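Working notes, structure below.
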Amino acid sequence: MLLNPHHSHISTTTMDTKMCRVLGHAIAVLFLSTSLASAACNKDDLKALLSFNSSFPPRTLYNWIDTEDCCSWDGIYCDDGTGRVTSLLFSNDDFNDFDPIDLVGRMPPSVGDLSELVDIRFSTLPNLVGPLPRQLSKLKKLKTINIYNTNLSGPIPSFLSQLPALERLDMSASQFTGSIPPSLGSLAKLRYVDLSRNGLTGSVPPSLFSRLDRSALATLNLRQNKLAGAVPRSFASVAFGGIDLHENRLTGDARFLFGKSKPATSIDLAQNKLSFDLTDVEYPVGNLDYLDVSHNEIHGSISEQIKEATKLSYLDMSYNMLCGRIPSGGSFGNISSRDFSHNKCLCGTPLPPCKN
Ligand SMILES: *[C@@H]1O[C@H](CO)[C@@H](O)[C@H](O)[C@H]1NC(C)=O
Ligand SMILES: *[C@@H]1O[C@H](CO)[C@@H](O)[C@H](O)[C@H]1NC(C)=O
Ligand SMILES: *[C@@H]1O[C@H](CO)[C@@H](O)[C@H](O)[C@H]1NC(C)=O
């Protein structure tokens, strides 16, 4: 567990080193009465946590011991200064610093009563089911939602737009369905959205990231859903560091995602029904490392300007309707992985030579 100074009742103001905290913690555990120790837990937080505990089958949270400070319980992290619960982290990923946990059932509404929460993680919990509780909308300080690899289902709730501090939303690899609520676009700090590997339908809301500071890098991952319609043109003015729309049913133009001065490191538009002329597309020269536009209906040719994207290490343009000479020479020859197969009439290395 994280060691917090308030685990001990010895003043920590003059004890800055980790060693002293460990020592203080040990002294507290050894010598202080249990009533003093449990007094450290904020009573409102404690009430919510006891309700959370009772929502799961007996022995689920077997080492939440009521004589110990709730801030020392598995999955609970408190602010050193205020003693309030700020993180609720349940995960069977590698981050875990406690035994594997199996949360069976729904996410308890009492999570919404931990009013100082900044960070929640429920990940790799196959038996966590049902929709997200509406009470989550009470968490006005919440910055990070990591809820992935679960069997949670239902919609991506529009009440998430009532979380003004939200910066990072990961609800990937679960059973979420329905459309992406346009109201997420009202969140001015939201810059990381991963809703990949769900069963989402409808179109991509143009409002997404519309209130985000234009200089802030945005990340969008909608990979492996059933989203249809066009990529919103409003995305032309979003500074994507990474955008992944792989394996959806998106149609039309996506040229506005490109541009010489875009900051993107990674662009993956593969396995859609995008159809546009690639000829005049300028590739981002600064950071672009990964570009996959394969399995679409893209036509035209590949501009020599792509050679300016010197950091490119992965390029897949296969299964489109491209024509003309594949650029060669310079750093372009350095791309470690590239595929131009199954196009209309591309030619030149690594495909057969051009006729003229
Ligand atoms: C948590 O719930 C279990 C029953 O599921 C109970 O035995 C245990 O005492 C509870 N823990 C706390 C801290 O109340
Ligand atoms: C969802 O539940 C099914 C059936 O229990 C299980 O096989 C699957 O691994 C679960 N999915 C996730 C992402 O945990
Ligand atoms: C290709 O890669 C090598 C090794 O990383 C590097 O030294 C060389 O400058 C690169 N060539 C071009 C043209 O970028």
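Keep in mind that this is a model prediction, so the values were computed, not measured.
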- prompt: For the side chain of N296 and the backbone of S294, is there at least one donor-acceptor N/O pair under 3.5 Å apart?
  reply: yes

Closest non-hydrogen atoms of D45 and V85, given as atom of the first, atom of the second and distance, are OD2-N, 2.9 Å

Is the shortest side-chain heavy-atom distance between P133 and R106 below 4.5 Å? no

Query raised in the report: Should L184 and F159 be regarded as members of a common hydrophobic cluster, given that ILVMFWY residues are connected when their side-chain heavy atoms come within less than 4.5 Å of each other, either directly or indirectly?
Result: yes

For N272 and E247, the nearest pair of non-hydrogen atoms, with its separation, is ND2-N, 4.0 Å

Any donor and acceptor pair, going by atom type alone, linking the side chain of S54 with main-chain N or O of L50 inside 3.5 Å? yes

Margin query: A side-chain contact here means heavy atoms from C-beta on lying under 4.5 Å apart; do L220 and L245 qualify?
Written below: yes

### ILVMFWY cluster, F56 and V129 together (side-chain gap under 4.5 Å)
no

*Heavy-atom neighbours of D280 CG exceed 12 at 6.0 Å*: no

- E116 and K141 ion-paired at < 4.0 Å: yes

Would you find a donor on one side and an acceptor on the other, under 3.5 Å apart, between the side chain of D119 and the backbone of L89?
no

* Using a cut-off of 6.0 Å, state whether more than 12 heavy atoms not belonging to R325 lie near its atom CZ. => no

| message | Is it the case that the side chains of D93 and T124 hold a donor-acceptor pair, with the cut-off being a distance below 3.5 Å and no angle test? | response | yes

Using side-chain heavy atoms (C-beta onward) and a distance below 4.5 Å, is Y148 in contact with D194? no

Hey, is C70 close enough to C41 that the SGs sit under 2.5 Å? yes

- Within-4.5 Å side-chain heavy-atom neighbours: L117 and V111: yes

* Asked: Hey, is the main chain of P126 close enough, under 3.5 Å, to the side chain of N151 for a donor-acceptor pair?
  -> yes

- request: Please assess F258 against I267 for the test side-chain contact (heavy atoms from CB on, under 4.5 Å), listing each intermediate value before the final yes or no.
  value: CA-CA 9 Å; F258 295 86; I267 300 176; 4.1 Å; yes

Joint cluster assignment, F276 & F340, ILVMFWY side-chain distance < 4.5 Å: yes

d(S331 OG, K311 NZ) to nearest 0.5 Å is 11.5 Å

In short, Q224 meets N248 closest at the heavy-atom pair N-ND2, 4.0 Å

Heavy-atom side-chain proximity of L222 to I180 below 4.5 angstrom = yes

Nearest heavy-atom approach of K140 to Q162 is NZ-O, 2.8 Å

To the nearest 0.5 Å, atom OG1 of T265 lies from atom CD1 of I243 at 13.0 Å

Do F90 and L128 pass the side-chain contact (heavy atoms from CB on, under 4.5 Å) test, and can you show the C-alpha distance, the side-chain angles, and the key distance before you say yes or no?
CA-CA 11 Å; F90 295 104; L128 195 62; over 6 Å; no

Distance col, row D74:CG vs N63:CG, nearest 0.5 angstrom, shows 4.0 Å

Audit row: L278, N320, side-chain contact (heavy atoms from CB on, under 4.5 Å) steps and yes/no: CA-CA 11 Å; L278 195 67; N320 277 294; over 6 Å; no

same_hphob_cluster(L212, I145) at 4.5 Å side-chain heavy-atom cutoff: yes

So does I65 get a backbone contact from the side chain of W73, meaning a donor-acceptor N/O pair under 3.5 Å?
yes

Please check if the side chain of N53 supplies one atom and the backbone of S51 the other of a donor-acceptor pair under 3.5 Å.
-> no

Taken to the nearest 0.5 Å, the spacing of S203 OG from L227 CG works out to 8.0 Å

Using distance only, find each side-chain donor-acceptor pair of residues 281-289 under 3.5 Å and give its atom names and separation, not counting sequence neighbours.
| from | atom 1 | to | atom 2 | distance (Å) |
| --- | --- | --- | --- | --- |
| N287 | ND2 | P263 | O | 3.0 |
| D289 | OD1 | S313 | OG | 2.7 |

Between L217 and F240 the two heavy atoms that sit nearest each other are CD2-C, 4.4 Å

### Message
Hydrophobic cluster membership, with links at side-chain heavy-atom distances under 4.5 Å among I/L/V/M/F/W/Y: are I120 and L160 in one?
### Response
yes

To the nearest 0.5 Å, atom CG of L195 lies from atom OG of S172 at 8.0 Å

Tightest non-hydrogen contact, residues S207 and P182, listed as OG-O, 2.7 Å

Pairwise side-chain contact, L274 with V231, heavy-atom cut-off 4.5 Å (strictly under): yes

query = Would a 4.5 Å heavy-atom cut-off, applied to side chains only, mark L125 and N92 as touching?
reply = yes

Requested in this report: Please assess R249 against K226 for the test side-chain contact (heavy atoms from CB on, under 4.5 Å), listing each intermediate value before the final yes or no.
Outcome: CA-CA 6 Å; R249 296 164 185 176; K226 295 168 188 163; 3.8 Å; yes

**OP:** Check whether more than 12 heavy atoms from other residues, nucleotides or ligands sit under 6.0 Å from atom CZ of R214, and answer yes or no.
**Re:** yes

Separation between CG (L49) and OG (S110), nearest 0.5 Å, reads 8.0 Å

**Message:** If you count every heavy atom of other residues, nucleotides or ligands that lies below 6.0 Å from K307 atom NZ, does the total exceed 12?
**Reply:** yes

Given 3.5 Å as the limit, does a donor-acceptor pair link the side chain of N343 with the main chain of M317, or not? yes

task = Please lay out, stage by stage, how R233 and D253 fare under the test salt bridge (charged side-chain N to carboxylate O under 4.0 Å, His left out).
result = CA-CA 9 Å; R233 273 195 184 268; D253 201 355; 3.3 Å; yes

By side-chain contact (heavy atoms from CB on, under 4.5 Å), H246 pairs with (sequence neighbours left out) R223, D244, D268, A270, Q271, D292

Checklist entry - Can you find a heavy atom in the side chain of K355 that is under 4.5 Å from one in the side chain of C347? => result no

Requested in this report: Taking S196 for its side chain and N221 for its backbone only, find out whether a donor-acceptor pair lies under 3.5 Å.
Outcome: no

Query raised in the report: Is the count of non-hydrogen atoms from other residues, nucleotides or ligands lying under 6.0 Å from K189 atom NZ greater than 12?
Result: no

- Item | Side-chain donor-acceptor pair present, S174, T150, cut-off under 3.5 Å | yes

